[in-house]
Amino acid sequence: MRNRRAIQAQPIIGQAWTGKHVVLLHCTNNNQFLNLYKSYHAPIEPPRHNCAETLSQLLSIGYRIMAITPVSSNQIQYFLVL
């Protein structure tokens, strides 16, 4: 008798990602890029030193800004979802 676990479908390399992608972008109030955190398979462009340019790239890929939160008196976090 076959083992049922061996028959289950396995993820295929190159298979389209069907979930949501999340990016957290940290910037200063002076438009300087600080850091970018993303979900494992989230598509991104290399971040720029200018935060507005990094946001522009993410929006052109299709991300939407879900929230903007002040992290400290001089730091902002953008929460984006694709």
If we ignore angles and hydrogens, is there a donor and acceptor under 3.5 Å between the side chains of His49 and Gln32?
-> no
Consider only side-chain heavy atoms of I, L, V, M, F, W and Y, link residues closer than 4.5 Å, and tell whether Leu34 and Leu24 are in one cluster.
-> no
Who pairs with Phe79 by ring-ring contact (aromatic ring centres under 6.0 Å, His included), at least two apart in sequence or on another chain?
-> none
Main-chain N/O of Ala52 paired to Asn31 side chain as donor or acceptor, under 3.5 Å = yes
Pairs touching residues 25-82 that satisfy disulfide bond (SG atoms under 2.5 Å apart), sequence neighbours left out | Cys27-Cys51
Group every Ile, Leu, Val, Met, Phe, Trp and Tyr by side-chain heavy-atom contacts under 4.5 Å, then state whether Leu36 and Ile76 land in the same group.
-> yes
Report whether Leu25 and Val71 are members of the same hydrophobic cluster (ILVMFWY, side-chain heavy atoms less than 4.5 Å apart, transitive linking).
-> no
For Gln75 and Asn29, which heavy atoms make the closest approach, and how far apart are they?
-> N-OD1, 4.1 Å
Linking I/L/V/M/F/W/Y whenever their side-chain heavy atoms sit closer than 4.5 Å, directly or via other members, would Leu82 and Ile65 fall into one cluster?
-> yes
On a heavy-atom basis, the closest approach of His21 and Ser39 is CA-OG, 3.6 Å
Of all heavy-atom pairs between Arg48 and Thr54, which one has the smallest distance, and what is that distance?
-> N-OG1, 2.9 Å
Heavy-atom pair of closest approach, residues Ala42 and Lys38 | O-NZ, 3.5 Å
side-chain contact (heavy atoms from CB on, under 4.5 Å), paired with Tyr63, selected from Leu55, Val22, Leu58 | Leu58
Would Glu45 and Ile61 satisfy side chain to side chain contact (heavy atoms under 4.5 Å, CB included), going step by step from the backbone distance to the final call?
-> CA-CA 9 Å; Glu45 295 283 333; Ile61 292 172; 3.9 Å; yes
Can you check whether His26 and Tyr78 have ring centres sitting under 6.0 Å from each other?
-> no
Going through the distances and angles, do Arg64 and Val81 end up as a side chain to side chain contact (heavy atoms under 4.5 Å, CB included)?
-> CA-CA 5 Å; Arg64 292 186 178 168; Val81 175; 5.8 Å; no
Output yes when a side-chain donor or acceptor of Thr28 lies under 3.5 Å from a complementary backbone atom of Asn74, and no otherwise.
-> no
